[in-house]
Every structure is written in structure tokens, then in C-alpha cells.
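Scroll down for the structure; my scribbles are underneath it.
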Amino acid sequence: MVEATKPGEKAGRFPVRAGTLAVLGALGALAVYPFFGTTYMIGVLTEIMILAIFALSLGFLMGYPKLISLGHAAFFGGGAYAAGIVAVRLEAANLFLTLVCALVFATLLAVLIGVLSLRNTGIYFLMITLALAQLVYVVAEQWTWLTGGTDGLVGIPYPELFGFFSFDRFSFYYLVLLLAGGAYFLLRLVTRSPFGHVLLGIGSNERRMRAIGYGTRVYKLAAFVLSGAVAGVAGALWAHYNGIVAPVDVNWPLSATALIMVIVGGAGTLVGPMLGAAVVWFLDTGLSSYTERSTMIMGAVFILFVFFARGGIAGIARSLWERFYARTGT
Amino acid sequence: MPALELESVCKRFGALSAIDGVSFAVEPGERVALVGPNGAGKTTLFNLISGELPPDSGTVRLGGRDVTRHTPEKMAREGLGRTFQRNSLFMESTVYENVRLAVQARAGVSFQMLRPITAYSRLGEETERVLELVRLSGRAGVRASELSYGEQRQLELGIALATGPRVLLLDEPTAGMSAQETGEMVAMLKELPGEITLLIVEHDMDVVGALARRILVLNFGRLIADGPLEEVRRNEEVLAAYLGVGEEVRDA
Amino acid sequence: MGVEGIGRGFFLRVLLVGVLGLLVAGCAGAGESGEGEPVRIGVILPYSGVYAQLGEDITDAMELYFEREGNEIAGRPVELITEDTEADPQVGVQAARTLIEREQVDVLAGAVSTAVAYGVIDITRRDNIPFVIANATGNDATRQGARNVFRVSASSWQVSYPMGEYLVEQGVDEIFLSSADYAAGQEMSSGFREGFLEAGGTIVGEVHPPLETSDYSSYLTRIRQADPPGVFSFYAGSDAVRFVQQYREFGIEAQLYGPGYIVDEDTLPAQGEAAIGVRTILHYSPDLDNPENQEFKAAYEEAYDRDPTVYAVQGWDAAWLIGEAIKATDGNTEDRDALIEAMENVEFRSPRGPMELDENHNPIQNIYVREVRQLDDGTIDNVMIDTIERVQDPGE
Amino acid sequence: MISFEALLTHLLNGLAYGLLLFLLAAGLSLIFGMMDVINLSHGSFFMIGGFIGIGLVGVLESFWLALLATVLIVALLGLVVEVALLRPLYYRSHLDQILLTFGLALILEDGAEWIWGTRIQSLRVPEALTGSVEIFGAVVPVYRLAVLAAGVLLGAALWYVLERTRLGSIIRAGVADREMTAALGFNIPVIFAGVFVFGVALAAFAGFMAAPILGVYPGLDFQVLILALIIVVIGGLGSLTGAFWVSLLIGVTQSFGQAYFPAAAAFILYLIMAAVLLLRPEGLFKRRYA
């Protein structure tokens, strides 16, 4: 039997460095994979990386200022619709145009939803993010001439760059890889900055943060908007990759799936949610090719994590590392 | 001009009058103790001053400025610091990070997102200065949750000090401490820069005697005495209020 | 954060092994290439969620066809590879992509919901893979004229427009219109409206409740007050059950009409007696008296121990279209254009009666007027009361 | 053009629908009020109640016996869940318990699909409750009136038990101060298990009563859950009184909104929720207990 996790003074530093090494290793492996892999697996990895960016954005929110949103699909889907509408309705699939439109739209949406929802805390925050996101969903479903309604918005092509370069599945894979890595390192930078430490403090003890002079709501809003913007970029990539945006991309089950990714991967880290995205993809989409009971398996795995490994995969990796370290190091 | 001034401050919870027309003023650099039986309203009064609760009526002034109904964060920025009766720390962070976060609060860099916090060296210098003040320099890398209780009280004080307050509210700084820990805490508080105004809630009359010359006595939300320790001790009303816990006062 | 109590190390290991196992399992299916003998037919249908029964019916009938062919077409064994689409276009697109890229299928068939069909048309068109729509009715699926897209069900227009004309002929010239407020509902409504107005009918009122409405009382009150001689409605799945039941609950006298989907074999068991008397049009009726239908019903009942539905008929015809075309190309599925051309020339022997494809690959077929009745054996089912012959989608 | 009969019809049907909403939200509200746990598997128990009810009506051939048996069976299931899954998490954060109930909801939905299939099923109403009646010219189905009566009776019974009986005061004390109530000799785990099981039983009761109106199918669980969550949040988490009035408010607003502002029908629910939470972040009614 091993005793409970107590990341001590010495052990505490190590997993961090190990985590960074793991990320760099994974990025390297992903960068060379297309030269060996099948078209299908390249597609799968593209999809997982897009979802990983989405999970990362929610993981940032849940792990640092500890804001648990059940409406994150609004930003992902909002970004996807913005990119899709630009690409299909305006027939301009320029990467910068679609990406920037998705980013701007998701950011504005996040400002609006954030201002309204951050008046509440805890379970009320969770519920009002859900309600406001569902309003976005209803709009997506009803505003047929713009969004395609329940049929979705179909025919979104891969992006292109000012007419001299058109992405195909191979180059799009690298674009997604680049943005996934970029999003990770950007948020990693943010979590280590003074701002990131304020968020961590808010997540740990908001009352004290206010007592020492932090107007916590502004910081939470900034984090919320940053997270929403990242989710919006993921959504734009999703639209290009699938060629379709539909109301399900804004609906609450997607928000719940992102939440599962974060919990399974491990809130409180940035690598964790990204790993969680991969695991949940295999449990959900991957397993559904082999069994009709994939939802049940996902529920069971989720419960196991809640029960026995609240730190998620990242937590397991960390404690295994500490055990290894304890055995060899001291 | 008084550093802190209360004028007829009232707060009711339903039918209960928690604070009933309390008025007093504290001069800059003065050290004042606030005592009273359990449930007298001491912590409520602190919450009213620090902005965690809005008063129903009355005025709170800090350095002559009306700060009634300011939010806690605004009060902190006006130069008011406070500690909590029950430790309110950032438990998963190290001692160093706890204090640095408080230092950062007035450093104007909190919206910097793209450089690591370690790049801001003046945060580090100031943090180390405060750690020395509360005698935790040797424990800087330890997580707050792994400190001894006494050390956590020291850190509680350290966080409040790190915001550079002009007025500091201390809510039972020695509560639950051993005799030795209490002695250290008193020594630490005595060494605080003279310009910091202190208002201390304290049960231990030795501590009160060591730190403050002036005492405010609160009972059922009303201020029943205000004056030097010896004088207050002889006050009939105070004795009556402390009946049952009166030994504490007399022993002191 | 972390794990308290006993047995933690064990669980950590179990979880880790489990996760790794799943990752391996997820990758395992990859990498098989399509080279070699079998004809690989990808089937994208809902196997979970509200429309799972439709998916089962279509799949069963497809399997029935290939079994009767000895699971071999033009000397090549046949492999049906299924993927669940739920009712979700994103999942449908992923399923189609998995089948095309991982399983390297020669032909794709399925799509119950129109949104899934549109998404899949988009990706099959890129690779020119023949795609047989086995149920979705969205008009544009065939009207956009994609060469690789075939439909063996019907367009929304085909199961709504003809009823407008038919009702006026029958002397019903005032109708209240009601449909769920989403793409299919709008198509059905406007198809009917067009046919009904052109024939000289009058629409006395309209209500369009949102999808997944649980309480229709306000809408039903409106209908009741308008007191029309007839109501034309389109709802599907759980909405159809609720609407028809509540319609009866409120004791509305007006005759209820609609496309066949409001009282199909899938919802009838739940609607029960509430559905009796509802008149609908569809491209199939279970009591059709032609040899193909009798033969099909007997074979299907024997194999699966239940009556075939319109979905089963569509599944049969989808498999027929694919199978006969591959026979015509002597088993060559590599030449996609040749395969598509062969599909264009397939002659159907469908349980639904006469059927041929128009230039957009949408069926020209009879539309049957049916009424829900309690049969002599006590079961409740659709009975054909009239036929509208050779209905062809206008194409735009 | 708006007649008195129409107004009355919309009002009565809105009230009946509102009380149906109250039935489905009551158990969720009760469990939250007492245990601080948002039971995200509430909709699952509702749906399972419907499925079991349909099966039992067929076997027992009595609507009322089947109702009783369904509630008991689902309550037993709730007991198993409470003892085996929730209890070990009492000393963790409430978020963990909420997450657990969410995982459970996923399992139960898929399990229901496995056992009962995906086809929508419906529950036959006893002969006496079929058809509709006219009240001052307004047409209301008889079964809706039965649901209305059940909602009112349930609300009254809950209010009476919690406010006027010794059991109620023990429960309220247990919520307000766990340690003290335990010190007074009351068994907190038993009280909590009782509350949870009762909340689940209410979900099953609601699922059974709603089955003739809504039908039963996998997927209904989450549809209902969202609805119940919205009611409970607008009403003020944990306030049964709030849940009661908000259910009526939503029922009546939907009824009139759908009739006279059909374009807004899809938005009504979410707009009410957003508006209330913006004006009163804590919900319309403050929680009574705790």
C-alpha cells in the first residue's frame, strides 16, 4: 500500500519538468507521425488534437480560477459557426479570415456570457453558463438562413492562404498540430505569469484574494474570455476539418464531454485535459465501432476516475513518478 | 486626523442587533485591543470595517476618507489589511508563493500574462523582506498545508503585512497557539514598524497588555468601555459582562 | 487533490492498464487496407438513440438481400461494415470518414436523418464514392444533382405535395397546417402548402412548435378554436407520439393528415388507439398486394420474426441497387464512374411497387394514401386506401 | 379575437403542465435542499420509473398497483446507489458527488437502452382518466386534471411533513448542523439515505405520472433533467416552495407564450432563467433550509 499523495518540497518540482519533457516528446512524435501513419489515423489525430485544444481551454478555467462552466460548447460551436459562415456564406475560406472571425466572435460571446454569469458562483455559475449557452444553441437551431438550422451548415472547405496555398488533410494536420502546441505553450506561459498566479489564488481562496486587494471578478472575466477565445479557435478548426457545423456543436452534451475530458485527464494541469481528450475520444468515438455500449463504458470509466483518481491521468502519472522518485532518489 | 474612525455603525441580522451604534477613532500608529465575550460582535465589527459586510447605517473612515460600503478589495487598496480568526491561506501553494501573491496585489503587474512571474525581481525582494518579518524565511519552499499551526498563523500575518497596510486588523492572532508560539507572535507584533496602526481582537490579556495601551470593550454589539487597560479593568459594566469568564480579565 | 484510503496503488495500475488497453484497441482497427476480394459496403445508420430501430430495420433488410445472394456478388464475398451515426451530423460525418478511410469501403449506404445525409454527401463527393441514401428525405440531397448520390426513399416533396392535390380532389378544401419547426418540418409544410394552394385549397391557420416540445396544449387549443375540417401535420419520433396522443386527448374532431412518418410502424405501438383514423401518404404501405411485397414480407418475417417497415423496404432497395450494379460491372468496384453508371441503370423490383430513378437519382414511384385502422387480429396498422401514381420530384 | 374560453384553456393547461413540472423537479429540489448534492441522475430515475411502470401496468393490469410497485422498485435502486456510491463520497467536495451522479446518468441511459430498447413507449391511462372535460368552455384532458391534483397533493404533503412534523424538524436540523444533530443522537447517514431515496422515489413517481403525456424513451432522461435543473435553479436551489411557484410560472408562461408569441416558443424557458438569474442571482426564493 502506498500512502496518499503528498507532493513535497522536493518531489513537487520534478513532475513539472517531466511533464514539459513529455509534451515536447509527444509534439515530436506527432510531427513525424504522418510520414508513417495511415490517412485514417492522421484524420483521427487531427480530430483529437482539435478536441484537445477545446479541453485545454476548459481545463485552464477549471484548474486555475476553478470556474466550472457547463456552457463551454457555446464558444467552441460559436467559433465553428463563425468560421463556417465566413467560409460558406461569404465564400471566403482564407485561414486568417476564418480563424480571426472565429476568435473575435468567440471572444465577444465570452465577454457577454462572462459578464452575466460571473455575478454568480459555484453551482449557480455552472447553471447560468448552461442556460446562456443553450440560448446560443437555440439561436443556431432557429436562424436557418444563416446557420442552416437543424440541417447544419454544410460544405465548409479546408482553408486556404490568399489563393497561393490550399490546405489538404496533410498540411491541415500540421496546422492543427501547430495551433495545439501554440495554445498549450501560450496558456502555460499565462499560468506562470503574475496573472496566472492571481488565477491560482482565486481558485484556492477567493475571499482572501479580495481581502488583499484583488478585484477578483475582472481577473475571472479575463480568464473566461481567454478560455473562450481558445475554444473558438478550436471550433474554427473543427468546422474546416469536418466540413459541417451543426447545432450539436453548441449543445450542452458537448460541454459535458469537455468536462469529462478535463476530469479524466486531470484538472489543475494543462497536459491532463489534452490527454483526457484523447482518452475520451477513444472511449466514445473509437469504441463505438466495436460496441453499442460505449456510453456505458464511458460512464463507468468516469466514475472510476471520480472515485479513485480525482487527479485524473495527470495525477496518476504524477504519483507514479513520485513513487519512482522515492524509490530511486532518496 | 485619525487613521481609522467609526461613527454610529450599526448592523442587524434579522431581529438580532449584531453591532449597535459603535463609534471610536484610532490615531495613526496607535495600537488598540478590542475585547469582549464570545458573541459580542468583534468579528462582525471587523467584517464591517473591512468591507466583507455592508453596515446598515453609520460611517467608516480610513485616513479621513469615507469608505463605508467599499468592497473588501477596495478597502485593501485604501491601505487596510486584516488577518482572519481561522487561517485563510492558499493551502496548496508554498509559503513564498502565499506572500508573493499579497506583495503582487499592489505591484501593478497582475495583468501581465506573458512573462513568468520570476522575471519580476522586485516581487521576490519584497517577499523575502516580509518573510523575514514573520520569521518564515527558512520555510519559504514549504506548502502552507504542511506548516505547523503556529507557522500558519505567522503566514496569516505575513500575507496581511505584505499588502503594506497602514491600518491592520488582527483577529485573534494567537488563538490556539502554545505559550511559546504566543510569545514569539507577540515579539513579532511588537517589532512591526511603528507607523502601522493596529486593531487587535484578543482574548489573552497578557497579549493585550503587551501590545496595546488602549482597550475597547464590546458587549452585545455595543461599545461599553474605551480607555487604558487599568481603567477598563475596574469598569463595573465590563466586570459584569465578563461574569463567568471574568477571571480571564482579573488574572491578567 | 489525490486519492485517499486503501487500495489506491492497485486502482492506479488498473486504470493505467485500462487506459492503455483502450488506446491500443482504438488503434487496432486501423491499417487494414481494402485490397483483396470482398466488396466492402459501408453502412452509416443510427444504432443508438431514438432512431436506432430504423437503423436496425434498414440493416436487417440489407443483410436479407445479400444472404439471398449467398453473400456473394459477382463472385466476390460481401462485407457490410456498420457505423453508428446516432442522429448527429458530426457523428455521421465521422462515421462516414472512418468507413471511407479506415475500412476503405467501395460504397456507402444509410443516413436516416437529413442533416447526416448532407454532411456525408459533402465528403463522399470529394472522393466520388457512391452514396445510397436509405431514408433521409431532405429535398436538396438529390436536387443538388451530385452524380455519386442516390436515394431509395423519397424526397420530402414527394410525401407532402401530392396530398395537397389529393385532399382538394376529395373535397377537403380547408386545412390547418402544423409541423415541428425545423428543416424537415418546413420542407414538409411548404411541400403540402404548395400542392394544396395550387389545387385551390385554403389554409386556415398554422402552428409550428419547436422540436422536442413536451406539451402541445397551446397549439392544440389554437387548432380546436379554428375548428377546421382537417389538419395536416408533420412530426417525427417522440414528437409524433406526443402530438398524436395529445391531439386525441384534447378531443379534436378534425381529420388528421400527414406524411406517413407521423404514424409509422415505429411510433404506432406507442400511439396505439390514438392513431386510429389518421390518414397519411407514403411510398409504401404494408398491405400492398404485389408479388414482390408478399415475397419480401414472408422472407423478412421468417428471418427476423417481425413485420417489415418502410425502412426495411428502403434497406432492401438500397442493397438491391448496390448488388445489381456490381453484378452489372462484373464485380468491378474500382472504376467508380462505371459503377455509378451501372447504378443509374439498375431495374428495381421493389416491394413498394413500380420504381425507377430520375435524372437526379431520386425515385419516381407511387405514393400511397393510407389510413390507420384496427385490423381483424386486433393489431393497429396502416391500410392502403388510394394510390397516386408515378410521383416524381420536380428537381428544384 | 382572444376569447375568455381560450384564456381559461391556456391557463388551466398551463397550470396542469406546471404541476407536471413540479412533480419532476420536486425530488431534485428536495435532495439538493437536504444534502447539497445536485443529483444529475434525477432524469434517469424519472425515465426508469416510466419504463418499469409501462412493464408493470402490463403485468399487474392495474394502473395504481403498478404506480406503487414502480415507486418502491426505483426507491430500492436509489438506496443501492446511495449506500454504494454516494456515501463513500460524503467527505469529499460536493462537486465530486455531482460528477458521480453524472457518470451514473450516462450508465443508466445506456443501460435503459440496453434493457428496453430505443423505441418510444407509452403508458395506457385507465379508462376513467381518458378523454377531456369542459370547464366553463375550456377544454382540459381528464388525465391532466389528475396530474394537477397529484401535484397539489404532493406539494401540500411535502410542506406538511417538513414544516409540521417531528421528522421534518429532525431533517431540517440535520441540514442546518450535521454535527449537532448527530450529537443529539440522530443517525445522520440514515436521514440522508432516507432523503435521497425519497427524492429518487419522487422522480420515479413523476416519471410514471408523466409517461402517458410525454412517452418514455432513452434520451428523455436528459431532456427532463435540464428542465428540472432550470426550475430548481430559478426557484432558488433547495427551495421546494420556489420549485413549486416557478413550475407554475413556467407552465403558464409557456402555455400563453406558445399561443401568442409562437416565434419565441423555443426561447421562453432559457430567457426566463437568464432573466431571473441576472436580476436575482440566488434564484427567486431563498433556500429555506441550511
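Naming convention: chains lettered A, B, ... in sequence-line order (proteins, then strands); numbering from 1 in each chain.
Environment of CH2 in D/Trp116: crowded, with over 12 heavy atoms of neighbouring residues, nucleotides or ligands closer than 6.0 Å.
At a 4.5 Å heavy-atom cutoff, the contact between C/Tyr47 and chain D is made by backbone atoms alone. Using a 4.5 Å cut-off between heavy atoms, C/Arg248 makes no contact with chain D at all. Within the 4.5 angstrom heavy-atom criterion, no atom of C/Glu56 approaches chain D. Proximity to chain D (any heavy atom under 4.5 Å) is restricted, for C/Gln246, to the side chain, taken from C-beta onward. Looking at D/Gln258, both its backbone and its side chain come within 4.5 Å of chain C, counting heavy atoms on both sides.
One distance of note links CD of C/Glu265 with CZ of D/Arg119; it measures 9.0 Å at 0.5 Å rounding. The CD1 atom of D/Ile120 sits 8.5 Å away from atom CD of C/Gln271, with the distance rounded to the nearest 0.5 Å.
Side chains of D/Tyr217 and C/Ser238 form a contact here, defined as non-hydrogen atoms less than 4.5 Å apart. Two residues are said to be in side-chain contact when any heavy atoms from C-beta on lie closer than 4.5 Å; C/Ser214 and D/Tyr17 meet this criterion. Contact check for D/Gln254 versus C/Asp215: no side-chain heavy atoms found under the 4.5 Å cut-off. Residues C/Phe250 and D/Pro141 meet the side-chain proximity criterion, which asks for heavy atoms closer than 4.5 Å.
Between chain C and the options D/Ile54, D/Val139, D/Asp110, heavy-atom pairs under 4.5 Å are most frequent for D/Val139. Your options are D/Val140, D/Leu123, D/Thr9, and the one with the most heavy-atom pairs under 4.5 Å with chain C is D/Thr9. Annotation: maximal heavy-atom pairing with chain D below 4.5 Å, among C/Thr213, C/Thr267, C/Leu54, C/Thr221, occurs at C/Thr221.
Contact check on D/Arg124 versus C/Glu273 returns no salt bridge, with no Lys/Arg side-chain nitrogen under 4.0 Å from an Asp/Glu carboxylate oxygen.
The two residues C/Arg242 and D/Leu220 have their closest heavy-atom pair at NH2-CD1, 3.7 Å. Closest approach of C/Gly251 to D/Ser132, counting heavy atoms only: N-OG, 4.3 Å.
For the residue pair D/Ser122/C/Gln245, the side-chain donor-acceptor check at 3.5 Å is satisfied.
Checked by atom type and distance alone, the side chain of C/Arg222 pairs as donor or acceptor with a backbone atom of D/Ala259 at under 3.5 Å.
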- Taking it one step at a time, do C/Ser217 and D/Arg144 satisfy side-chain contact (heavy atoms from CB on, under 4.5 Å)? CA-CA 10 Å; C/Ser217 59; D/Arg144 305 257 170 147; 3.9 Å; yes
